[in-house]
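Below you'll find the structure, written out as structure tokens, and then a few comments.
Each ligand, and each atom within it, is numbered from 1 in the order the structure gives.
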Amino acid sequence: MSTTTIYQKRRAAVARALKAAGGGIALLPTAREYPRNRDTDFPYRHDSYFYYLTGFDEPEAWLAIEASGKTTLFCRPKDLEREIWDGIRLGPKAAPAQLGVDAAFSTDALDDKMPALLTNQKSVWFPFATHEGLGARVDGWLDKVRARVRLGDEPPPIQHDLCVVLDEMRLFKDSHEIAILRRAGKISAGAHVRAMQTSAAMLRKPVKGGLREYHLEAELLHEFRRHGSQFPAYTSIVAAGANACVLHYRAGDAELKAGELCLIDAGCELDGYASDITRTFPADGKFTPAQRRLYDIVVESQYAAVKATKLGKRFNDPHEAALRVLVEGMLDTGLLPKAKHGKVDDVLESGAYRQFYMHRTSHWMGMDVHDCGDYTEPGSKPRADKDAMGQPIMRKPSRILRPGMVLTIEPGLYVRPGKNVPKEFWNIGIRIEDDALVTAKGCELMTRGVPVDGDEIEALMAG
Ligand code: GLY
Ligand code: MN
Ligand code: MN
């Protein structure tokens, strides 16, 4: 299928959703450009929803889809002067053939054309609370329609959040998306391999100033970019030693020392799709016994979660499977003394594990690293559950896993120094994260081009 057809099919699905809701029109802008300082902008990144429906990555563009299936694009006009400085623009004349839309106009015509497009529509759909000022812009167009009400022109009386439709579509990845996600996962895995090997090599042959977190970040970025990735999917985390216990640590300038672990959480974005990998490895290539003990618990917990990632299981099942293994490990190693904390079920009930494992095991992943999609099962009834702090609440059961969903599996253990914490484990932070595609039979880990097994990591780094 040509790429244009893929986006046309997605737009047709939106039109069907509007039709099923009684008719209407959907409006969607792409992302703004953001200034970084003076006349320099941050690198431009399109809006994920907009790109999902168009494959078009120029700024200042808008899309309108009507329930009838008619699609209208607004894009920057051709402008020789601007194109000399900033690059070629597609322009409205070429847009229909290139993007498969029915009509295209210059963005300059938005305020003229939008009121007409909105006139006498049953409803208007646009993303709520995602684009600053969008609601006010739509209000302005609706006001223009309202001003003609005595002529029989009426504004749509109902507004819907377009994200509700698009989030559900994006949750299920099609074959085009899966192919890109696989490639992104492969590139990122290669980058992790490169970082591990560089770490060991630089500690074997020490350099002046030592091995720093930013050296490994540079290896990651080099590998992402040289395989065509446009950006990192999120700010890379390269955390030496105790820094690994800071969940959102950024790659900094701390020194990586032999005998310490390094945690890298980094993934590239490729053609609009993310990858998200974490590996934890000994900076010099050899785990200490205490590190290996905790490391193997996290590996085992990840395997338990992987087993629970399949058609028919729920989104929470991998988390619960991983958590049980982690808690067993916390009790076996004395991180949580059995005499005080009891058995696994007691710890799960008390929540004492949160001292060492304080985040969830998964999130959806796709165009956005923390991708959209309902985490609870649509149409189900709320039932008694517990919130993150163990307090009773009513909520809908978590989402049933189905083929095409993509989620991360990322258990960890983070041991900050503490009075009753065995000293041998202090400052060890470990996380292992892979990206899983739910399939009919189980799940496919798209990021296993970099090893997870402790012996395999040591062998790779010994090379
Ligand atoms: N890298 C962000 C996350 O793992 O969720
Ligand atoms: Mn993640
Ligand atoms: Mn991550």
Side-chain angles (χ1 to χ4, degrees), residues 45 48 170-171 173 181-182 184-196 213 216-217 219-221 223-224 229-240 243-252 261-270 272-281 295 298-299 301-302 305-306 308-309 315-319 321-323 326 357-373 375 388 398-399 401 405-414 429-438 443-452:
R45 165 58 157 79
S48 296
R170 280 177 52 189
L171 181 55
K173 277 68 182 172
L181 285 164
R182 284 193 184 121
K186 198 167 165 203
I187 295 170
S188 297
H192 279 258
V193 166
R194 184 181 175 112
M196 284 179 188
E213 291 166 340
L216 300 190
E217 185 188 17
E219 298 300 322
L220 297 165
L221 297 179
E223 199 67 13
F224 291 169
S229 146
Q230 293 81 2
F231 314 98
Y234 51 92
T235 309
S236 307
I237 297 173
V238 180
N243 291 340
C245 295
V246 180
L247 295 180
H248 287 168
Y249 183 78
R250 303 290 179 225
L261 291 178
C262 175
L263 180 154
I264 295 184
D265 182 345
C268 73
E269 179 176 305
L270 180 74
Y273 287 82
S275 53
D276 186 6
I277 303 183
T278 307
R279 289 293 183 268
T280 311
F281 56 90
Y295 185 82
V298 181
V299 173
S301 77
Q302 205 210 26
V306 168
T309 304
F315 176 80
N316 273 352
D317 289 331
H319 175 66
L323 187 55
L326 292 172
Y357 186 49
M358 59 300 278
H359 60 77
R360 306 279 307 177
T361 304
S362 301
H363 53 80
W364 303 132
M365 199 201 71
M367 299 188 114
D368 300 322
V369 62
H370 294 168
D371 211 28
C372 56
Y375 283 98
S398 83
R399 188 92 196 212
L401 298 179
M405 292 174 163
V406 172
L407 64 157
T408 62
I409 305 179
E410 49 177 310
L413 280 176
Y414 311 90
I430 296 165
R431 179 164 65 257
I432 301 171
E433 174 174 29
D434 284 285
D435 304 341
L437 165 68
V438 181
C443 71
E444 172 191 328
L445 297 176
M446 298 182 287
T447 41
R448 283 299 181 97
V450 52
V452 157

Distance flag, aromatic centroids of Tyr234 and His248, threshold under 6.0 Å: no
Donor-acceptor pair between Asp276 and Thr408 side chains, under 3.5 angstrom: no
Atom name in His363, limited to N/O/S, at shortest distance from the Mn ion (ligand 2): NE2
Straight-line distance of Glu223 CD to Ile187 CD1, nearest 0.5 Å: 9.0 Å
Leu261 CG to Cys245 SG distance, which is reported to the nearest 0.5 Å: 9.5 Å
Taking only heavy atoms of [X] into account, list the atoms of ligand 1 that are under 4.0 Å away from them.
X      : value
Tyr234 : 1 (N)
His363 : 3 (C), 4 (O), 5 (O)
Glu433 : 4 (O)

Flag, side chain of Arg279 to backbone of Glu433, donor-acceptor distance under 3.5 Å: yes
Donor-acceptor contact present, side-chain Ser301 to main-chain Leu326, <3.5 Å: no
Stepwise side chain to side chain contact (heavy atoms under 4.5 Å, CB included) check, Val406 with Asp371: CA-CA 9 Å; Val406 172; Asp371 211 28; over 6 Å; no
Residue-ligand contact Asp265/ligand 1, heavy atom below 4.0 Å: yes
Ion pair Asp317/Arg399, N-O distance below 4.0 Å: no
Sub-2.8 Å protein N, O or S atoms surrounding the Mn ion (ligand 3): Asp265 OD1, Asp265 OD2, Asp276 OD1, Glu433 OE1
Heavy atom of the protein closest to atom 2 (C) of ligand 1 (residue, atom name, distance): His370 NE2, 3.6 Å
Arg431-ligand 1 polar pair, N/O distance under 3.5 Å: no
Full working for side chain to side chain contact (heavy atoms under 4.5 Å, CB included) between His363 and Glu410: CA-CA 9 Å; His363 53 80; Glu410 49 177 310; 2.9 Å; yes
